[in-house]
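None of the values given here were measured: they were computed from a predicted structure. Letters A, B, ... mirror the listed sequences (proteins, then strands); counts begin at 1.
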Amino acid sequence: MDLPAKYDPSLTEDKWYSYWLKNNFFHSEPDDREAYTIVIPPPNVTGVLHMGHMLNNTIQDVLIRRARMLGKNACWVPGTDHASIATEAKVVAKLKTEGIEKTDISRDEFLKHAWEWKEKHGGIILEQLKKLGASCDWERTKFTMDEDLSSSVVNTFVYFYKKGWIYRGVRMVNWDPEGQTAVSDEEVIRKETPSKLFYLKYFISENGKTTDKFIVIATTRPETIMADTAICVHPLDERYNWLKGKRVLIPLINKEIPVIEDDYVSMDFGTGCLKITPAHDINDYEIGLRHKLPVIDILDKYAKLNDKAQILIGEERFAARRKIVKMLAEAGNLEKEEPYTSQIGYSERTNAVIEPRLSLQWFLKMNEAAENALKYVESDQIRLIPDKYKNTYRHWMENVHDWCISRQLWWGQRIPAWYLPNGEFVVESNKEEALKAAQKINPELSVSDLQQDNDVLDTWFSSWLWPISVFDAGKPGFPDREPNKELAYYYPTNDLVTAPEILFFWVARMVMAGHEFCGGLPFRNVYLTGTVRDKSGRKMSKSLGNSPDPIKLMENFGADGVRVGMLLCSSAGTDILFDESQVEQGRNFSNKIWNAFRLIKSWQVDDSLTTSPQNKVAVEWFDSLLSQSIETMNDHFEKFRLSDSLMLLYKLFWDDFCAWYLEIIKPVQGGAMDKGTHEATLVYFDKLLKLLHPFMPFITEELWQNLSNTKDGESIMILKQPKAEKYSTDLILNVEQAKATIVNIRSIRQSKSISPKEPLSLYIKGDFSEALYCIIKKMANINAIKPYSEKEESLNGSSFMVGTVEFFLPLGNLVNKDDEITRIESEIKHLEGFLVAVNKKLSNEKFVANASKDVVEMEYKKQSDAMTKISKLTQLKRELKK
RNA sequence: GGGAGCAUAGCUCAGUUGGUUUAGAGCAUCUGCCUUACAAGCAGAGGGUCGGGGGUUCGACUCCCUCUACUCCCACCA
């Protein structure tokens, strides 16, 4: 028996993880037990583990391990997301380093590279999750672009198209002229950029002729004036009454455009007069729609001026800006220019200035789906934890926009629309079906006449099927069919653990898909984690470099330590400000458990010994406390108060089990322990390990295996959680009273510099369980406890009270009477203040009349207790003054 | 600009339909201890009047209003 004094996680974690895998403990098959299912929020296939994943997956693992130990058939389905934008960007970047441009290779060639990349780098993150102890059913690992999952996605598109929910329409996208692609809003980085505001004169036209009257319009983009299709003022702007209904001429090209009125215009910005350029600004586009303005697109896909611009054709937009300003100045149209700083969008990938560009996209109508999805949450069929997110959820569902589901990328599920030579299109799940449909339009057509849409679907269009498609995907006819055995058993899933940022992107859409394809909810509880931030509250990010490497962290502190450190400070929905000291605390806790084990293991048992009174009472007490704690812990879990649950266990183990229970029963130096106490202690330790297992899987397995004479194939992780038995609240309270007494004695010892080794005697008066005297004797080193009546008046010492029980500790001349008096006086003062507050309540007739009986009775008890204490303390003071 | 949320010890947070001893925990701090399970430890102690103001109530950290600070979401101004 020579266990080291420090727990070394590196010696146990990998060992037990492979043991669990070897024994297939994580795997689940449908059976007659109740199912408990979690699907992982699939991380990006090319992603690496960050602290957000750590928190999120720790929570999932705690839930799944606990469910497993509650006897449920627990199934945690892992997998990854193809993350089209992020992954494609990575592949493009990688090809670039090899001197290959995406534009130079074919779609098929590109996809070949992308799959190679995926095979090579994909799923690193899943391997990293194993270090954390994640008990995922790895046999069920899925990828959103697995063949069967992809075919679900395609079928879903066809389904909604035929239902009339999917349509094609024009929309303004964020165009990256360098990357030659549209990018999502999330990939546009807005940066404060100094630019200039140009004040341009637009002359009024009368009967097609220029007048000398003009208006001034402020713009940051003079190179787009050729695409202007109107001038806009606020309808209530009296300054421009004279202008309303008139027409003006675009400078340089002298094109006549109307003056319109729209309340979008702010009267107090610029000149209160706005040029409308529908093709090159999202707001202008919307105003254009309202006023049925024509759209003139003067920029090509390289953001160079095209022939519609009439002038400066072929010039790049910024060069054109410089030139046109000069031209405008020469023509007398430039009134002034002033410096101006505005938020300009840049492409995350190429850093090119984003150009708003109109293009044809695919959309999914959301109104009806959102209405359905809202009902589940409003009626609490789906619980959001914390429920403050219900508001946010409702707000979004009531203001939902149609969902743009097309992306100008290659990596993803290609839109199953086929174009006929005449521009018509058909939507079918494959080319053969498409041809049949096309031939209904034109029987002459052959396969080679069909051109499939170049775009792929938004990644969320595959992830919203995730809880369904991981169990049952891809078969013909999806979604119109009966569930298979797996789906029928595991679905709906139980809990979903995810970040609030994707409540709409993902969670709400899964609810929609669940309703549409399975006629019900996809999960019952949605636990929303907070964002992991650094100590000063900044979001952890690669670019800030403020995120610790989770793998290093686990190497340094152990996976259990990291799990505990994160969970202790994270309640649902609140951000966690991460600091290494938290993980240190987790590591220290591991070590505490380890050393408690070392102590217990070191004890020699002597069968002939009878159980001492203090051991007997300690065993009874801890039995009660354990049951009470289990009850509270279960309640915490029901409410998803995971950190409270863990904190409860932390204190139960550290304070009650180690600092009190083990210290009480600890044999005196070199002594042996009686059998009964030893056995009870082993049972308690075993139960504590089981309670701790969901939070700290590795150390609990290690110690449990060490404690029990296990055979291969046994494990703590598949055993049942201990249940709460009947317990005595009185006993728990009495021991609390004894603990308070002991703390008082220790405190007096320290303030008087009396060594803990020096035995003292104690006098007691009041209602105190004699059965606990033995504990006080052992824990406070008291050699005799005597009734107050035996105390000689002349005795010097220190008095204190616990509740209404009086204690006296004889200390001879160590005690200074004046100090004692001062201490007692301050205590009396405190009690008197307290009594005043209580009396005030009780003398208030309205309080006595209105407050509930229990509350009033409690106040009376407070009053009498306080009065008793005051009188006793006053008595003591008087005695001391003699 | 619109919407939501939060504000409790030095730090991170609890405080569960307003009422059980004039607010709890963990960490940190301070004091004393290397007491053979653990110094990643043991024993003890100090510390807040619940962001400011107003209101409802017999009673408010808890409900309402308002101001302030911060955070998030959405829309962003030519």
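- Per the geometry, CZ belonging to R598(A) stands 12 Å off C1' belonging to rA40(B), to the nearest Å.
- Counting only N and O atoms by type, the side chains of Y650(A) and D655(A) include no donor and acceptor under 3.5 Å apart.
- For rA39(B) and rA23(B), the P atoms lie 37 Å apart once the distance is rounded to whole Å.
- Summarising the geometry, the separation between CZ on F504(A) and P on rC74(B) is reported as 8 Å, rounded to the nearest angstrom.
- Distance CZ (R641(A)) to C1' (rG15(B)): 8 Å, rounded to an integer number of Å.
- Y264(A) has its OH atom 16 Å from the P atom of rG1(B), to the nearest Å.
- Using a 4.0 Å heavy-atom criterion, one finds that D284(A) contacts no nucleic acid atom at all.
- Separating the P atom of rC65(B) from that of rC6(B) is a span of 13 Å, rounded to the nearest Å.
- For the pair K739(A) and D656(A), the salt-bridge criterion is met [side-chain N within less than 4.0 Å of a carboxylate O].
- Between Y684(A) and Y661(A), the distance from one ring center to the other falls under 6.0 angstrom.
- Residue contacts for C658(A): at a heavy-atom cut-off of 4.0 Å it reaches a base atom on one of the strands shown.
- Residue M647(A) is in sugar-phosphate contact alone, with no base atom involved, counting any heavy-atom pair closer than 4.0 Å across all strands shown.
- Within the nucleic acid shown, A837(A) has no heavy atom closer than 4.0 Å to any nucleic acid atom.
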Exercise. Is there a side-chain hydrogen bond (donor to acceptor under 3.5 Å, both in side chains) between N839(A) and Q863(A) once you walk through the steps?
Worked result: CA-CA 7 Å; N839(A) 282 338; Q863(A) 184 187 45; 2.6 Å; yes
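- The NZ-C1' distance, from K388(A) to rU16(B), rounds to 16 Å in whole Å.
- T224(A) and R317(A) are not linked by any side-chain donor-acceptor pair at a separation below 3.5 angstrom, with hydrogens and angles left out of the test.
- Taking 4.5 Å as the limit, every side-chain heavy atom of T229(A) sits out of range of all side-chain heavy atoms of D284(A).
- Of the candidates rU21(B), rG19(B), rA40(B), rA40(B) carries the atom nearest the N588(A) side chain, counting heavy atoms from C-beta on.
- Look at the P atom in both rC70(B) and rU12(B): the space between them is 16 Å, to the nearest Å.
- For rC42(B), one of the phosphate oxygens OP1 or OP2 lies less than 4.0 angstrom from a side-chain nitrogen or oxygen of K592(A).
- A distance of about 16 Å separates the C1' atoms of rC63(B) and rG15(B), rounded to the whole Å.
- With both ends at atom C1', the span from rC77(B) to rU71(B) equals 24 Å, rounded to whole Å.
- Regarding contacts with the backbone of rG3(B), every side-chain N or O of N391(A) stays at 4.0 angstrom or more from both OP1 and OP2.
- Between rA78(B) and N283(A), no contact under 4.0 Å exists linking OP1 or OP2 to a side-chain N or O.
- A donor-acceptor pair under 3.5 Å is formed between the side chain of N333(A) and the backbone N or O of K201(A).
- Nucleotide rC13(B) holds its P atom 14 Å from the CZ atom of F578(A), rounded to whole Å.
- The F834(A) side chain lies nearest to rU21(B) when the options are rC58(B), rU35(B), rU21(B).
- Between the side chains of S581(A) and D579(A), at least one donor N or O sits under 3.5 Å from an acceptor N or O.
- Proximity of K841(A) to the phosphate of rC58(B): no side-chain N or O atom is located under 4.0 Å from OP1 or OP2.
- Nucleic acid contact for R533(A): sugar-phosphate only, since backbone atoms but no base atoms lie under 4.0 Å from a heavy atom of the residue.
- Comparing rU68(B) with rG48(B), their P atoms are spaced 29 Å from each other, to the whole Å.
- Nearest-nucleotide mapping onto RNA chain B: of Y7(A) and Y650(A), the residue sitting toward the 5' end is Y650(A).
- In this structure, D644(A) reaches the sugar-phosphate backbone alone: every heavy-atom distance under 4.0 Å involves primed, P, OP1 or OP2 atoms, never a base.
- Across all strands shown, L274(A) has heavy atoms under 4.0 Å from base atoms, whether or not it also approaches the sugar-phosphate.
- A salt bridge between K861(A) and D865(A) is present, with a side-chain N of the basic residue lying under 4.0 Å from a carboxylate O of the acidic one.
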Polar atoms only, N or O, under 3.5 Å: list the protein pairs with nucleotides 43-45 of chain B and their distances.
unit_1, atom_1, unit_2, atom_2, d
rA43(B), O3', R746(A), NH1, 3.2
rG44(B), OP1, R746(A), NH1, 3.2
rG44(B), O4', Q750(A), OE1, 3.4

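- On the P atoms, rA43(B) is 15 Å away from rC34(B), given to the nearest whole Å.
- Nucleotides rA7(B) and rC61(B) are separated by 12 Å at their C1' atoms, to the nearest Å.
- The OH atom of Y202(A) sits 11 Å away from the C1' atom of rA78(B) (whole-angstrom rounding).
- Across all strands, R221(A) comes closer than 4.0 Å to no nucleic acid atom at all (heavy-atom distances).
- Among the heavy atoms of the strands lying under 4.0 Å from K639(A) is at least one base atom, whether or not backbone atoms are also near.
- Taking the nucleotide of RNA chain B with the nearest heavy atom to each of Q585(A) and N844(A), the more 5' of the two is matched to Q585(A).
- OP1 or OP2 of rC42(B) has at least one side-chain nitrogen or oxygen of W654(A) nearer than 4.0 Å.
- Of the charged side-chain nitrogens involved, none lies within less than 4.0 Å of a carboxylate oxygen, so that K829(A) and E827(A) do not count as a salt-bridged pair.
- The nucleotide whose nearest atom lies closest to any side-chain atom of R587(A) is, among rG5(B), rA40(B), rU20(B), rA40(B).
- Atom pair L568(A):CG and rG26(B):C1' shows a separation of 7 Å (rounding to whole Å applied).
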